[in-house]
Amino acid sequence: MAQFARLDVAEGIGTLRLDRPKMNALDAQMQREILAAAREADERDDVAAVVLYGGERVFAAGADIKEMASMDYAAMLSHGQLLQEFTRAVAAIGKPTVAAITGFALGGGCEVALAADVRFCAENAKLGQPEILLGIIPGAGGTQRLARLVGPATAKELIYSGRFVDADEALRIGLVDAVHPADAVYDAALAWARQFVGGPALALRVAKDVIDRGLEVDLQTGLEIERAGFTGLFATDDQKTGMASFIDKGPGQASFSGR
């Protein structure tokens, strides 16, 4: 039974809920539970999209520093694998994902948010990678995902300084995609996710995979990845349904089966 992270499913939307009061500090147990919940969300046919949410007051204030402080190099060799694995599991959810950020999303919390497809934050949100202030660097994907999202120069400035970014700056630099009142950010994320319920699940999964894999390679290789994904969807029922519906009724009228 998960204690600190769980998947709640309602009306086709999965909420991956971070719940370790007061600050959702990401200790090893919580990281394992996020990993398990992310894999569950990926596998469940009744989940069309996923919202990552830490509650009304805080998203996640980072890793559990007390837990890590006593680790030596040998211990971190093992734990470092988990740090990468749990955020990779979030990024690997083959469905649209959105982080609904309230309060702090720092260190590992920011790295969880970076693993989502898009990020909505509250007006009171503070984001950042302050690991440098502890004499270390981000270890759960921050150096890589942040640089790809906001560009290397901005990522370096944020990681070098360890400073916090408020909602307005986060929106300006592309760290988040929308800013909402604190009491509305979760509902806004749910509304965004709801558009994918009943959608072409296989095409959405392929689109996400092709975009993510294409970011890692040169343009010509990326185009080949796209071609393979595009042509493969012509083996699905949803492609037949979608095109037949377009011809008969016009765009946006298809009822997809996800097969």
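We number each residue from 1, following the sequence as shown.
The same ILVMFWY cluster, assembled from side-chain heavy atoms under 4.5 Å apart, contains both F164 and V58. Residues L171 and L106 are members of separate hydrophobic clusters, defined by side-chain heavy-atom contacts under 4.5 angstrom among Ile, Leu, Val, Met, Phe, Trp and Tyr. There is a path of hydrophobic side-chain contacts, each under 4.5 Å, that joins I65 to M71. Note on V98: it clusters hydrophobically with I13, by side-chain heavy-atom contacts below 4.5 Å among ILVMFWY residues. Hydrophobic clustering keeps I136 apart from L133 (ILVMFWY residues linked when any side-chain heavy atoms are closer than 4.5 Å, directly or through intermediates).
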Acceptor/donor pairs from residues 175-199 side chains to any protein atom, 3.5 angstrom cut, sequence neighbours excluded:
unit_1	atom_1	unit_2	atom_2	d
D177	OD2	R119	N	2.9
Y186	OH	T15	OG1	2.7
Q195	NE2	W192	O	2.9

Side chains of residues 250-259: which donor-acceptor partners sit under 3.5 Å, not counting sequence neighbours?
unit_1	atom_1	unit_2	atom_2	d
S257	OG	D238	OD1	3.4
S257	OG	R259	N	3.3

Can you give the donor-acceptor pairs under 3.5 Å from side chains of residues 204-214 to other protein atoms, not counting sequence neighbours?
unit_1	atom_1	unit_2	atom_2	d
R205	NH1	D42	OD1	2.9
R205	NH2	D42	O	3.1
R205	NH2	D42	OD1	3.3
K208	NZ	I93	O	2.6
K208	NZ	K95	O	3.0
K208	NZ	D117	OD1	3.3
K208	NZ	D117	OD2	3.2
D209	OD2	R213	NH1	3.1

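For the pair V47 and G14, the tightest heavy-atom approach, listed with the atom from each and the gap, is CG1-N, 3.9 Å. For the residue pair L7 and L16, the shortest heavy atom distance occurs at CD1-N, 4.2 Å. Nearest heavy atoms, M30 versus D19: CE-N, 3.9 Å. Residue C110 comes nearest to G128 through the heavy atom pair CB-O, 3.4 Å, listed as atom of the first residue, atom of the second, then distance. Heavy-atom minimum distance, G107 versus Q129: O-NE2, 3.4 Å. The heavy-atom pair separating A105 from I101 by the smallest distance is CB-CG2, 3.7 Å.
In this structure, T143 OG1 and K156 NZ are separated by 11.0 Å, a value rounded to the nearest 0.5 Å. Remark: E33 CD to L18 CG distance equals 10.5 Å, nearest 0.5 Å. Here I34 contributes atom CD1 and R20 contributes atom CZ; the two are 10.5 Å apart, rounded to the nearest 0.5 Å. Atoms CD and CD1, from E157 and I173 in turn, are 8.5 Å apart once rounded to the nearest 0.5 Å. With rounding to the nearest 0.5 Å, the separation of CZ in F120 from OG1 in T102 is 14.5 Å.
At least one donor-acceptor pair closer than 3.5 Å links the side chain of T87 to the backbone N or O of L83. No donor-acceptor distance shorter than 3.5 angstrom exists from the side chain of R6 to the backbone of A37, with no hydrogens or angles considered. A donor-acceptor contact shorter than 3.5 Å is absent between the side chain of S245 and the backbone of G242. Looking only at distances, no side-chain donor or acceptor of T97 sits under 3.5 Å from a matching main-chain atom of V118. With T154 contributing its side chain and G151 its backbone, the two residues share no donor-acceptor pair below 3.5 Å.
When side chains are defined from C-beta on, R57 does not count as touching M23, because their heavy atoms never get closer than 4.5 Å. When side chains are defined from C-beta on, F86 counts as touching V112, because their heavy atoms get closer than 4.5 Å. At a threshold of 4.5 Å between non-hydrogen side-chain atoms, the residues D64 and L26 do not count as touching.
Every residue was checked against the side-chain hydrogen bond (donor to acceptor under 3.5 Å, both in side chains) condition with E123, not counting sequence neighbours, and none meets it. Under the side-chain hydrogen bond (donor to acceptor under 3.5 Å, both in side chains) criterion, Q3 pairs with Q29, sequence neighbours left out. For R32, there are no salt bridge (Lys or Arg N to Asp or Glu O under 4.0 Å) partners two or more places apart in sequence or in a different chain. For D218, the side-chain hydrogen bond (donor to acceptor under 3.5 Å, both in side chains) partners are T221, not counting sequence neighbours. Partners of D166 by side-chain hydrogen bond (donor to acceptor under 3.5 Å, both in side chains), not counting sequence neighbours: none found.
Each salt bridge (Lys or Arg N to Asp or Glu O under 4.0 Å) pair with one or both residues in residues 125-148, not counting sequence neighbours, appears once here: R148-E216. Applying the side chain to side chain donor-acceptor pair (under 3.5 Å) test to every pair with at least one member in residues 104-115, sequence neighbours left out, gives no pairs at all.
Look at R88 and E85 and you find no salt bridge, because none of the NZ, NE, NH1 or NH2 atoms lies under 4.0 Å from a carboxylate O. The residues R44 and E40 are annotated as salt-bridged, a charged nitrogen and a carboxylate oxygen being separated by less than 4.0 angstrom. Under the 4.0 Å criterion applied to side-chain N and carboxylate O atoms, D27 and K66 are not assigned as salt-bridge partners.
Taking a 6.0 Å sphere around CG of D248, one finds it holds more than 12 heavy atoms contributed by other residues, nucleotides or ligands. More than 12 heavy-atom neighbours from other residues, nucleotides or ligands sit within 6.0 angstrom of CD on Q84.
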Are L52 and F59 close enough, and set up right, to give a side chain to side chain contact (heavy atoms under 4.5 Å, CB included), and what steps lead you there?
-> CA-CA 9 Å; L52 309 174; F59 185 74; 4.2 Å; yes
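Membership of the apolar cluster around L77 extends to Y73, as traced through chained side-chain contacts below 4.5 Å between ILVMFWY residues. Other residues sharing the hydrophobic cluster of F234, ordered by chain and number and joined by side-chain separations under 4.5 Å: F230, M243.
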